[in-house]
S.K.: 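This is the structure I want to talk about, given as structure tokens.
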Amino acid sequence: GCGVGTVVAVSIERSVESVTAVWALALVGAAFLPVDPRYPADRRRHMLIDAGVHLGIRGVGHESATGADDIVTCWVTVGELDAIPERLPRGLRARRLDTTAYLIYTSGSTGMPKGVAVSHRGLAALTESLRERYGVRPGSRTLHFSSPSFDAAMLEFVLAFGAGATMVIAPPTIYGGDELVDFLAESEVSHAFVTPSALAVAAYRELPKLVALGVGGEAAPEQLVRRWAPGRRYLNVYGPTEVTAVSTAAEIVAGQPITIGRPLRDCVALVLDRRLRPAPAHVPGELYLCGPGVAQGYHGRAGLTSTRFIAAPHGDPGAVMYRTGDIVHRDESGQLVYHGRTDNQVKVRGFRFELDEIASAVTDHESVAYATAVVHGSGGDAAV
């Protein structure tokens with residue numbers, strides 16, 4: 001009974017079943033909410049309550065792990081799904097471009113995660129751009145390695161299906177390192193996206209079939225470029241959840257400066273000062289992003305949405321831009337160079353979160369009056 005306007009929880013680990021569930025919901029026009037069954041129970045409950053979800057699909061073996069039967073009144077185990085219709089109903093695609101494709105939760109500074117609503121229009125723009133940048137075509141073998149609850153999974157979905165390629169799904173027991181590299185070799189993966197931390201702990205191995213490798217989610221160390229870039233297209237991918245996963249990309253060559261590149265097709269990147277005036281070349285400013293990839297906002301949080309999704313001072317009337325909080329500058333070739341953040345948001349092993357959320361959770365304990373959180377270490381050894 002679900003359709004356009006319905007949000008359905010998908011609590012399935014990375015698998016053929018998780019991909020099937022997402023496609024089933026896309027075909028009927030419903031939005032999906034990825035809920036990692038390994039998340040803490042309190043976090044899962046908050047996401048489900050905040051999103052107002054009453055329908056869900058869960059994986060075999062996780063029937064009792066969801067712990068939210070009082071919230072989600074109708075759970076279906078993935079094996080119980082009926083066969084997916086072979087083709088979209090006539091005209092459904094055009095009607096759905098500006099409806100929500102998925103709702104994905106990211107860390108919030110108040111201690112509670114916030115949901116980002118992303119449209120089908122944003123995914124359509126991302127599909128066209130990634131097909132160009134990665135060079136994917138029918139016959140390519142693309143990797144699905146990200147957790148379904150990590151928005152990089154959307155990159156992997158459109159990378160495969162946007163070009164009619166084969167999606168190679170890594171088992172959920174593989175987290176990176178030598179196991180991942182062995183899997184890439186054995187499965188003859190040709191196009192992949194991996195966080196730098198997952199590659200950093202792997203010994204180098206010749207992968208002649210891997211013709212394009214994208215990294216992102218955190219800073220790309222120079223030693224990884226020297227090790228993995230030669231002999232293939234090596235992309236440094238950047239993008240916040242609020243702008244449909246990927247906004248810019250740079251093709252990196254060993255020995256050259258590492259940047260986050262130029263905007264993808266239809267995306268506009270503005271480097272502005274505190275008064276929202278364009279910053280001169282080589283002068284750092286805050287990065288704002290415009291285009292069809294900009295999300296619809298934060299679910300149920302109009303106040304927060306209004307502070308991050310603001311009217312664009314340049315461009316078409318009514319255009320909205322997303323304030324990223326990232327400090328960048330443009331170099332002489334027009335590439336964006338990343339400097340840091342304007343706030344306490346950090347990324348550790350590809351996962352984005354607010355340090356204030358960690359501190360807030362600690363101070364919830366009755367014996368703690370004040371807490372602060374910092375990141376120590378880097379790459380795969382980083383921790384809070």
Side-chain angles (χ1 to χ4, degrees), residues 122 125-136 140 142-143 145-146 151-152 154-156 158-159 162 190-200 207 210-272 278-279 281-291 293-294 322 324-341 347 350 352 378-379:
L126 179 63
T127 300
E128 294 295 325
S129 297
L130 288 181
R131 189 163 54 203
E132 291 177 355
R133 294 294 180 102
Y134 264 86
V136 183
S140 299
T142 69
L143 177 68
F145 173 63
S146 299
D151 66 342
M154 298 304 102
L155 178 160
E156 296 169 345
V158 300
L159 198 63
S190 60
H191 298 73
F193 171 84
V194 183
T195 59
S197 297
L199 275 181
L207 296 173
L210 185 65
V211 297
L213 173 62
V215 298
E218 56 191 341
E222 188 176 341
Q223 60 267 30
L224 283 188
V225 177
R226 291 196 302 266
R227 188 186 308 170
W228 295 101
R232 61 179 56 92
R233 180 178 295 181
Y234 186 93
L235 299 171
N236 189 29
V237 174
Y238 162 88
T241 300
E242 290 85 348
V243 193
T244 317
V246 181
S247 305
T248 73
E251 190 161 343
I252 305 297
V253 177
Q256 294 185 1
I258 298 174
T259 74
I260 60 172
R262 294 185 175 87
L264 302 185
R265 178 199 286 193
D266 296 329
C267 179
V268 177
L270 303 174
V271 183
L272 307 178
H282 305 290
V283 175
E286 188 168 357
L287 178 62
Y288 291 76
L289 298 168
C290 313
V294 174
Y322 173 68
T324 67
D326 290 322
I327 302 298
V328 302
H329 82 264
R330 275 196 173 88
D331 65 14
E332 59 278 359
S333 65
Q335 302 267 339
L336 295 168
V337 181
Y338 180 82
H339 287 274
R341 294 285 305 172
K347 286 191 175 181
R352 158 187 159 184
S378 61

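Predicted model, so just to flag it, every value in this text is computed and none were measured. Just so you know, residue 1 is the first one in the sequence shown, and it goes up from there.
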S.K.: Under a 4.5 Å cut-off applied to non-hydrogen side-chain atoms, are Leu289 and Pro240 in contact?
M.R.: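 In contact.
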S.K.: Are the side chain of Glu286 and the backbone of Gly325 linked by a donor-acceptor contact shorter than 3.5 Å?
M.R.: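 Yes: the side chain of Glu286 pairs with the backbone of Gly325.
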S.K.: His329 and Val283: side-chain contact (heavy atoms from CB on, under 4.5 Å), yes or no, with the steps?
M.R.: CA-CA 6 Å; His329 82 264; Val283 175; 6.0 Å; no
S.K.: What is the distance from atom OH of Tyr238 to atom OH of Tyr338, rounded to the nearest 0.5 Å?
M.R.: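 That separation rounds to 7.0 Å.
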S.K.: Apply side-chain contact (heavy atoms from CB on, under 4.5 Å) to residues Arg232 and Leu207 and explain how you reach the verdict.
M.R.: CA-CA 10 Å; Arg232 61 179 56 92; Leu207 296 173; 3.7 Å; yes
S.K.: Asp331: which residues meet the side chain to side chain donor-acceptor pair (under 3.5 Å) condition with it, sequence neighbours left out?
M.R.: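 Expected list: Ser333.
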S.K.: Under the rule for side chain to side chain contact (heavy atoms under 4.5 Å, CB included), what residues qualify as partners of Val268, not counting sequence neighbours?
M.R.: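 Val268 satisfies side chain to side chain contact (heavy atoms under 4.5 Å, CB included) with Leu270, Cys290 once adjacent residues are dropped.
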S.K.: How far does CG of Leu159 sit from OG1 of Thr127, to the nearest 0.5 angstrom?
M.R.: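 So the gap between those two atoms works out to 9.5 Å.
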S.K.: Return the CG to CD1 distance between Leu213 and Ile252, rounded to the nearest 0.5 Å.
M.R.: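 Answer for the CG-CD1 pair, Leu213 versus Ile252, is 11.5 Å.
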S.K.: Taking all non-hydrogen atoms of both residues, which atom of Leu264 and which atom of Ala249 are closest, and how far apart?
M.R.: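 The pair with the smallest heavy-atom distance is CD2-CB, 4.1 Å.
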S.K.: Calculate, to the nearest 0.5 Å, the distance between atoms CG and CG belonging to Leu336 and Asn236 respectively.
M.R.: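 One finds 11.5 Å between CG of Leu336 and CG of Asn236.
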S.K.: With no hydrogens and no angle check, do the side chains of Ser197 and Glu218 hold a donor and an acceptor under 3.5 Å apart?
M.R.: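 Checked: Ser197/Glu218 side chains pair up, N/O donor to acceptor below 3.5 Å.
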S.K.: Could you name each residue pair satisfying ring-ring contact (aromatic ring centres under 6.0 Å, His included) that touches residues 218-237, not counting sequence neighbours?
M.R.: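 Every ring-ring contact (aromatic ring centres under 6.0 Å, His included) pair that includes a residue of residues 218-237, provided the two are not neighbours, is Tyr204-Trp228.
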S.K.: Could you work out, with salt bridge (Lys or Arg N to Asp or Glu O under 4.0 Å) as the rule, every residue matching Arg262, not counting sequence neighbours?
M.R.: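 Arg262: no salt bridge (Lys or Arg N to Asp or Glu O under 4.0 Å) contacts found.
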S.K.: Stepwise, does the side-chain contact (heavy atoms from CB on, under 4.5 Å) test hold for Val337 with Val328?
M.R.: CA-CA 5 Å; Val337 181; Val328 302; 6.0 Å; no
S.K.: Looking at every heavy atom in both Pro196 and Ala220, which two are closest together, and how far apart are they?
M.R.: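 That would be CG-CA, 4.2 Å.
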S.K.: Tell me every residue that passes side chain to side chain donor-acceptor pair (under 3.5 Å) with Ser129, counting only those two or more places apart in sequence or in another chain.
M.R.: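 In terms of side chain to side chain donor-acceptor pair (under 3.5 Å), with neighbours along the sequence ignored, Ser129 is linked to no residue.
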S.K.: Evaluate the side-chain proximity of Glu251 to Arg133: yes if any heavy-atom separation is below 4.5 Å, no if none is.
M.R.: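 No. Closest side-chain heavy atoms not under 4.5 Å.
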S.K.: Any idea which heavy atoms bring Val237 and Val246 closest together, and the distance?
M.R.: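 Shortest heavy-atom contact: CG1-CG1, 3.4 Å.
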S.K.: Does Ser247 reach the main-chain N or O of Gly239 with its side chain, forming a donor-acceptor pair under 3.5 Å?
M.R.: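 Judged by distance alone, no pair lies under 3.5 Å.
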S.K.: Could you pull out all residues at least two apart from Arg265 that satisfy side chain to side chain donor-acceptor pair (under 3.5 Å)?
M.R.: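 Glu132.
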S.K.: Do Val215 and Leu235 have side chains that get closer than 4.5 Å, going by heavy atoms?
M.R.: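 A side-chain contact is absent here, since even the closest heavy-atom pair is not under 4.5 Å.
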S.K.: Measure from the side-chain N and O atoms of Thr324 to the backbone N and O of Leu287, and report whether any donor-acceptor pair falls under 3.5 Å.
M.R.: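 A pair under 3.5 Å: yes.
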S.K.: According to side chain to side chain contact (heavy atoms under 4.5 Å, CB included), who are the partners of Ser190, at least two apart in sequence or on a separate chain?
M.R.: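 Ser140, Arg141, Val211.
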S.K.: Is there side-chain contact between Leu130 and Leu155, with at least one heavy-atom pair below 4.5 Å?
M.R.: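 The answer is yes; the side chains approach within 4.5 Å.
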S.K.: Return the minimal non-hydrogen interatomic distance between Pro284 and Ile327, and the atom names on each side.
M.R.: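 Nearest pair, atom of Pro284 first, then Ile327: CB-CG2, 3.8 Å.
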S.K.: Once salt bridge (Lys or Arg N to Asp or Glu O under 4.0 Å) is applied, do any residues pair with Arg330, and if so which ones, sequence neighbours excluded?
M.R.: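 So Arg330 forms no salt bridge (Lys or Arg N to Asp or Glu O under 4.0 Å) with any residue.
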S.K.: Are any non-hydrogen side-chain atoms of Thr248 and Cys267 less than 4.5 angstrom apart?
M.R.: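 With C-beta onward as the side chain, the pair stays apart.
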S.K.: Could I get the full list of side chain to side chain donor-acceptor pair (under 3.5 Å) partners for Asp151, not counting sequence neighbours?
M.R.: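 Scan of Asp151 (side chain to side chain donor-acceptor pair (under 3.5 Å), adjacent residues dropped) gives Thr241.
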S.K.: Could you list the residues that satisfy side chain to side chain contact (heavy atoms under 4.5 Å, CB included) with Gln223, not counting sequence neighbours?
M.R.: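 Listed in chain order: Pro221, Arg226.
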S.K.: Looking at every heavy atom in both Phe193 and Glu156, which two are closest together, and how far apart are they?
M.R.: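 Looking at all heavy atoms of both residues, the shortest contact is O-OE2, 3.8 Å.
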S.K.: Going by the rule side chain to side chain contact (heavy atoms under 4.5 Å, CB included), which residues pair with Ala212 if we only count those two or more places apart in sequence or in a different chain?
M.R.: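 Side chain to side chain contact (heavy atoms under 4.5 Å, CB included) check on Ala212 returns Tyr134, His191, Arg233.
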S.K.: How long is the span from the NE2 atom in His339 to the CG atom in Asp326, to the nearest 0.5 Å?
M.R.: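 Reported value, rounded in 0.5 Å steps: 11.5 Å.
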S.K.: Taking all atoms of both residues into account, what is the closest heavy-atom pair of Ala245 and Leu126, and its distance?
M.R.: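 Ala245 and Leu126 have their closest heavy atoms at CB-CD2, 4.5 Å.
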